2 protein chains.
Amino acid sequence: MMLSDVMEDYLKVIYQLQQGTDDRIKTSEIADELDVTSPTVTSMLEKLEDRGLIDREKYRGVTLTDEGETVALEIVRHHRLLEAYLTEHLDYDWSEVHDEADRLEHHISEDFEERVADALDEPDVDPHGSPIPNADLEPPERPDSDSVIEFEEGDAVVVEEVADHDPEILSYLADHGVEPGVELEILEVAPFGMVTARSNESDRSVSLPEHVAHHVRVARPAELEQ
Amino acid sequence: MMLSDVMEDYLKVIYQLQQGTDDRIKTSEIADELDVTSPTVTSMLEKLEDRGLIDREKYRGVTLTDEGETVALEIVRHHRLLEAYLTEHLDYDWSEVHDEADRLEHHISEDFEERVADALDEPDVDPHGSPIPNADLEPPERPDSDSVIEFEEGDAVVVEEVADHDPEILSYLADHGVEPGVELEILEVAPFGMVTARSNESDRSVSLPEHVAHHVRVARPAELEQ
DNA sequence: ACTCCGATTTAGAGTCGTCTAACCCTAAAT
DNA sequence: ATTTAGGGTTAGACGACTCTAAATCGGAGT
Ligand SMILES: [Mn+2]
Ligand SMILES: [Mn+2]
Ligand SMILES: [Mn+2]
Ligand SMILES: [Mn+2]
């Protein structure tokens, strides 16, 4: 199956939008994510349906077929391995890797993928804490983390994943001690969603507006130990 | 200036065909190299001319403008740095790097280029002995090597560059002790161009049919020492 | 059941890079 | 000066991906 970069991007986006819901993915969601108009999405969805990569019900959105999911996992694996390699071996900061990986993910060979995975010793998460699909492209199990928004004043949690790609936000977070692996004590969750917490890294408090906090996924330490 | 991958490839090919001649580059040469038809080349040449990247005289071929040459050098730098990086840091063999670099060269950022160059300590040749344009994209000086075909029985020479990209040929050459840096003693140059030589690496003789010998560029050791 | 709004699809068009078929130019040979 | 062979260009088309404008669907609220 010979797929264009663009088709790969559509499948990747559908995969990512599908994580954490059972809802079908709607035309407009894809259009937003890829920065194209909805008629453009509609016509690409027809093509992907013809190729058996998605299930489509007109006016009701799409889901990936198994084959489509495998392609998406392939691209996600490339992306996250590249992010890991760039930070580990080329001295990139975690805030800088996304765009580079987003271009290269479509252009590396299976051989390159394998050598990178070897050089990293088959990592299972990328620098943002997101799981890297294994070489067999089985869907990684859903990490049992929740958005930090779900917690309350007084909770002690560990950052598992920061699912944001904006370099400015990521730099800010790192500067304020919010990275995968650090412990946070929740100080306040404001009614409009802003979370204030103290990091054991920076030892000062940091406030995260809702749209940022939303992407900071954490788990209770207990859940890790059990 | 926003250029497509395809335009970059045309400029790179024109640059490479231009090395070692003062002739203008002809439509059909480009078509052969890129595996497209000549009308396709003609229409792309019109576009490149409009953009000021080539000088074109209808029916008489093209040359790169300074701007076009800079773009070509940029891509060649990417290509050769990638080849060097893949062999040095990802355990690729020199016979395997070309195709990978040929795809990635269009998709790496300037930042990536710089980090790779740093990791390699600003190398000046790639694994095939070809010069890597510097970061300022000044045209590298033409290496003073000649095809091994130009020499005669009894000459002692050093391999400077193996300007071939075919993995099978490169593996064969490495197996028979023909790589940049090795010394060769020319044993025979047949009338139909085949060169037989003894390598100080393998210590056995190896014969190279003309089309292979043509790409093996060597220099007299004396020229190196002076 | 009906109406209406927002989301989706249909229709039609444009750009890019490619092709084939037909025509044309240049340079070499007569 | 003419012919001719070979390569180059023009013309017209197509697939991939995108857009805007117009038509249509479906669900929410009466
Ligand atoms: Mn892969
Ligand atoms: Mn990531
Ligand atoms: Mn560059
Ligand atoms: Mn090379």
Side-chain angles (χ1 to χ4, degrees), chain A residues 1-15 17-18 21-64 68 71-72 75 102-103 105-107, chain B residues 1-15 17-18 21-64 68 71-72 75 102-103 105-107:
Chain A
M1 164 116 23
M2 195 57 225
L3 299 176
S4 68
D5 303 3
V6 174
M7 289 190 273
E8 290 179 351
D9 276 330
Y10 277 80
L11 293 171
K12 184 179 72 163
V13 163
I14 295 166
Y15 174 79
L17 291 170
Q18 211 166 250
T21 28
D22 293 324
D23 295 356
R24 308 178 69 80
I25 306 308
K26 305 221 288 299
T27 302
S28 53
E29 299 179 78
I30 300 168
D32 282 356
E33 203 64 35
L34 289 174
D35 236 323
V36 294
T37 60
S38 23
T40 300
V41 174
T42 298
S43 72
M44 180 56 78
L45 294 180
E46 286 166 353
K47 203 175 319 182
L48 293 173
E49 188 185 20
D50 288 347
R51 300 253 209 155
L53 297 164
I54 58 174
D55 271 328
R56 184 164 104 98
E57 287 180 51
K58 260 202 213 175
Y59 297 102
R60 277 161 217 285
V62 298
T63 58
L64 293 175
V71 173
I75 304 303
D102 233 25
R103 276 176 288 106
E105 64 191 6
H106 307 292
H107 305 288
Chain B
M1 166 118 23
M2 196 55 225
L3 299 177
S4 69
D5 302 5
V6 175
M7 290 189 273
E8 289 178 352
D9 276 330
Y10 278 80
L11 294 170
K12 184 178 73 161
V13 163
I14 295 166
Y15 174 80
L17 291 169
Q18 210 168 250
T21 29
D22 293 324
D23 295 356
R24 305 178 72 81
I25 306 308
K26 306 221 287 302
T27 302
S28 54
E29 300 179 78
I30 300 168
D32 282 356
E33 203 64 36
L34 289 173
D35 238 321
V36 294
T37 59
S38 22
T40 301
V41 174
T42 297
S43 74
M44 181 54 79
L45 293 179
E46 286 166 350
K47 205 175 313 182
L48 294 172
E49 188 185 18
D50 289 349
R51 299 252 207 155
L53 297 164
I54 60 174
D55 271 329
R56 184 163 101 100
E57 288 179 50
K58 260 201 211 172
Y59 297 102
R60 276 160 217 286
V62 299
T63 58
L64 293 175
V71 174
I75 304 304
D102 234 25
R103 275 176 286 105
E105 64 189 7
H106 307 292
H107 304 289

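Since the model is a prediction, treat every value here as computed from it, not as a measurement. Chain A is the first sequence line, chain B the second, and so forth, proteins listed ahead of strands; every chain is numbered from 1.
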- Message: Nearest 0.5 Å, please: how far is NE2 in B:His107 from NE2 in A:His107?
- Response: 3.5 Å

- Provide, to the nearest angstrom, the distance between the CZ atom belonging to A:Arg56 and the C1' atom belonging to D:dC25. 13 Å

- Item | Nucleotide of C:dT18, D:dT10, D:dT18 approaching B:Thr42 most closely (side-chain heavy atoms) | D:dT10

- Query: Just how far, in rounded Å, is C1' of C:dG6 from OH of A:Tyr59?
  - Reply: 13 Å

- Message: For a quick test of reading the model: is some side-chain N or O of B:Lys58 closer than 4.0 Å to OP1 or OP2 of C:dT26?
- Response: no

- Query: Nearest-Å distance, CG (A:Leu48) to P (C:dT9)?
  - Reply: 13 Å

- Query: Given D:dT18, is OP1 or OP2 found less than 4.0 Å from the side-chain N or O atoms of A:Thr40?
  - Reply: no

- Closest non-hydrogen atoms of A:Arg56 and A:Leu45, given as atom of the first, atom of the second and distance, are CD-CB, 3.8 Å

- Spacing of B:Arg24 atom CZ and B:Leu64 atom CG [to the nearest 0.5 Å]: 10.5 Å

- For the side chain of B:Lys47, starting at C-beta, report the closest nucleotide among C:dT18, C:dC16, C:dT9. C:dC16

- Query: Contact class for A:Ser28 vs. all strands (heavy atom < 4.0 Å): base, sugar-phosphate, or nothing?
  - Reply: sugar-phosphate

- Query: So how far is it from B:Leu11 CG to B:Met44 CE, rounded to the nearest 0.5 Å?
  - Reply: 9.0 Å

- Message: Set out, in order, the CA-CA distance, both residues' side-chain angles and the distance that settles side chain to side chain contact (heavy atoms under 4.5 Å, CB included) for A:Leu53 and A:Ile14, then state yes or no.
- Response: CA-CA 11 Å; A:Leu53 297 164; A:Ile14 295 166; over 6 Å; no

- Nearest-angstrom distance from the residue atom CG of B:Asp32 to P of D:dG6: 16 Å

- Query: Using a cut-off of 4.0 Å on non-hydrogen atoms, how would the nucleic acid contact of A:Ser4 be classed: base, sugar-phosphate, or nothing?
  - Reply: sugar-phosphate

- Task: Find the distance A:Lys26:NZ to D:dG26:C1' and express it as a whole number of Å.
- Result: 12 Å

- Item | Sugar-phosphate only, base, or nothing, as touched by A:Thr27 at under 4.0 Å among non-hydrogen atoms | sugar-phosphate

- Task: Report the distance from atom CD of A:Glu57 to atom C1' of D:dC25, rounded to the nearest whole Å.
- Result: 14 Å

- Task: Would you mind telling me which of D:dC19, C:dG17, C:dA21 lies closest to the side-chain atoms of B:Pro39?
- Result: C:dA21

- Would you kindly give the CD-to-P distance between B:Glu46 and D:dA11, to the nearest whole Å? 10 Å

- Task: Establish, with yes or no, whether the OP1 or OP2 oxygen of C:dA27 is under 4.0 angstrom from a side-chain nitrogen or oxygen of B:Arg60.
- Result: yes

- Query: Whole Å only: how far is the CD1 atom of B:Ile30 from the P atom of C:dT18?
  - Reply: 13 Å

